[in-house]
Peer 1: 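Structure in structure tokens, see below.
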Amino acid sequence: MKPEILQLSPVLIPSINAKLNELFTIRPYFQQADKEAYLLEHAANIRGVISGGHTGITKAMMMRLPALEVVAVNGVGTDAVDMAYARERGIHVTATIGALTDDVADLAIGLLIAVCRGINTGDRYVRDGKWGKSATPLVPLPLARQFSGMRVGIVGLGRVGRAVATRAAAFNCQISYTDLQAMDDVPYGFFSTLTALAEQCDALIVAAAADKVEGIINTDVLNALGKDGYLINVARGKLVNETDLVDALTEGRIAGAGLDVFVDEPHVPEVLWSMENVVLQPHRASATVETRTRMGEIVVVSLEQNFRGERPAYSLTT
Ligand code: 8YV
């Protein structure tokens with residue numbers, strides 16, 4: 001009998017879904033209208049879970065799955081998984097470590113360039129038929145801000161943070177960072193506090209894990225970033241105090257923001273929708289065919305390893 005897997009969030013690569021269905025009995029919980037009834041019917045036989053980084057799995061849900069052996073997160077963040085409880089029960093929790101680093105770093109740089117160069121604004125200007133229509137052509141579109149050479153501050157110098165740094169360095173940016181401690185294998189300047197980092201950079205890029213902290217980008221940090229500074233977040237929405245961010249943008253205390261993640265996805269504060277100096281994405285940093293394929297392969301292999309009786313190579317809990 002094939003192992004039964006409860007799927008809490010979708011996998012968007014058809015070949016991966018085909019493989020999953022070939023190897024396992026997939027129970028697509030995320031598609032059910034009556035989730036409770038579905039769980040009552042299948043919970044006892046579920047041996048594995050597939051979830052997304054943002055969705056994770058709660059302790060309450062794991063407690064309802066007595067036969068659970070493995071949670072394969074189709075993402076790198078495990079902040080939405082109760083890791084302590086998983087460890088307690090000896091449940092393997094795997095993540096797609098390394099698979100999405102490049103894409104997330106690419107989008108961070110993309111968002112920063114989009115916001116400081118006003119790419120979306122220019123796009124709308126052309127689509128709205130405004131180009132060449134104004135009597136004073138330069139007035140409607142203000143000049144943008146240069147990205148090359150910016151002072152870039154990275155919050156969290158893990159895999160993604162380092163990949164952002166490499167990319168920004170190629171644009172002659174001056175890189176500095178903050179993390180739990182200074183790292184001696186990088187040439188970038190270290191600041192032990194977020195405000196000190198924010199004070200001396202033009203753009204702050206949030207690339208930190210959200211397991212232990214939230215709301216760290218607050219009014220103090222945004223004020224330190226200042227009216228010419230940009231905030232980019234490709235990590236987790238909850239790392240930013242969203243109310244403080246909205247206030248800072250509304251009051252012009254920072255120059256702009258590029259956001260892929262939000263506190264309560266898919267809800268994005270409506271006031272941001274009309275801001276020209278804000279570029280919004282629907283949590284899509286890892287959403288390329290190449291990366292989602294690699295991520296899906298890790299999910300498949302992690303489940304396979306578990307059901308062969310092996311410790312999954314990507315396990316973070318066992
Ligand atoms: C994905 C993520 O959007 O890796 C993560 O932690 O949040 C994202 O890459 C998500 O996991 C897709 O399921």
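Both ligands and their constituent atoms are indexed starting at 1 by order of listing.
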Peer 1: With a cut-off of 4.0 Å, which atoms of ligand 1 are near a heavy atom of Ser286?
Peer 2: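 Result: 1 (C), 3 (O), 8 (C), 9 (O).
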Peer 1: Quick one: do Arg162 and Asp185 make a salt bridge, cutoff under 4.0 Å?
Peer 2: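 Here Arg162 pairs with Asp185 in a salt bridge, since their nearest N and O are under 4.0 Å apart.
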Peer 1: Counting only heavy atoms, tell me which of Arg284, His54, Arg292 gets closest to atom 3 (O) of ligand 1.
Peer 2: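 The nearest heavy atom belongs to Arg292.
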Peer 1: Measuring from the heavy atoms of Arg236, does anything fall under 4.0 Å of ligand 1?
Peer 2: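 Arg236 counts as a contact of ligand 1 under the 4.0 Å cut-off.
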Peer 1: Among Glu265, His283, Met295, which one has a heavy atom closest to atom 8 (C) of ligand 1?
Peer 2: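 It is His283 that holds the nearest heavy atom.
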Peer 1: Output the list of atoms in ligand 1 that are nearer than 4.0 Å to some heavy atom of Gly77, sorted by atom number.
Peer 2: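 Taking each heavy atom of Gly77 in turn, ligand 1 has 4 (O), 5 (C), 6 (O) under 4.0 Å.
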Peer 1: Among protein heavy atoms, which sits nearest to atom 5 (C) of ligand 1, and what does the distance come to when rounded to 0.1 Å?
Peer 2: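 I find the closest protein heavy atom is Val76 N, 3.3 Å.
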Peer 1: Check Leu112 against Ala203 and note the closest heavy-atom contact, atom names and distance.
Peer 2: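 Heavy-atom minimum between the residues: CD2-CB, 3.7 Å.
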Peer 1: Is the shortest N/O to N/O distance between Gly53 and ligand 1 below 3.5 Å?
Peer 2: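 Looking only at distances, the answer is yes, because the N/O contact criterion of under 3.5 Å is met.
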Peer 1: With a 4.0 Å cut-off on N to O distance, would you call Glu276 and Arg124 a salt bridge?
Peer 2: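 Salt bridge: yes.
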Peer 1: Polar-atom distance check: Gly52 versus ligand 1, any N or O pair below 3.5 Å?
Peer 2: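 The answer is no, given that Gly52 and ligand 1 share no N or O pair closer than 3.5 Å.
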Peer 1: If the threshold is 4.0 Å, N to carboxylate O, is there a salt bridge linking Glu304 and Lys19?
Peer 2: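 No, this pair does not count.
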Peer 1: Return yes or no for this condition: an N or O of Leu100 is under 3.5 Å from an N or O of ligand 1.
Peer 2: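 No, no N or O pair falls under 3.5 Å.
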Peer 1: Hey, which of Val278, Leu280, Val263 is the one that makes side chain to side chain contact (heavy atoms under 4.5 Å, CB included) with Val268?
Peer 2: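 Between Val268 and the candidates, side chain to side chain contact (heavy atoms under 4.5 Å, CB included) is satisfied uniquely by Leu280.
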Peer 1: Output the list of atoms in ligand 1 that are nearer than 4.0 Å to some heavy atom of Asn74, sorted by atom number.
Peer 2: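 Heavy-atom distances to Asn74 below 4.0 Å select 10 (C), 11 (O), 12 (C), 13 (O).
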Peer 1: Does this structure show an ion pair linking Asp211 with Arg236, if we count only N-O contacts that are shorter than 4.0 Å?
Peer 2: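 No, Asp211 and Arg236 are not salt-bridged.
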Peer 1: Parallel, tilted or perpendicular: which fits the ring planes of Tyr177 and Tyr188, with parallel below 30° and perpendicular above 60°?
Peer 2: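 Perpendicular.
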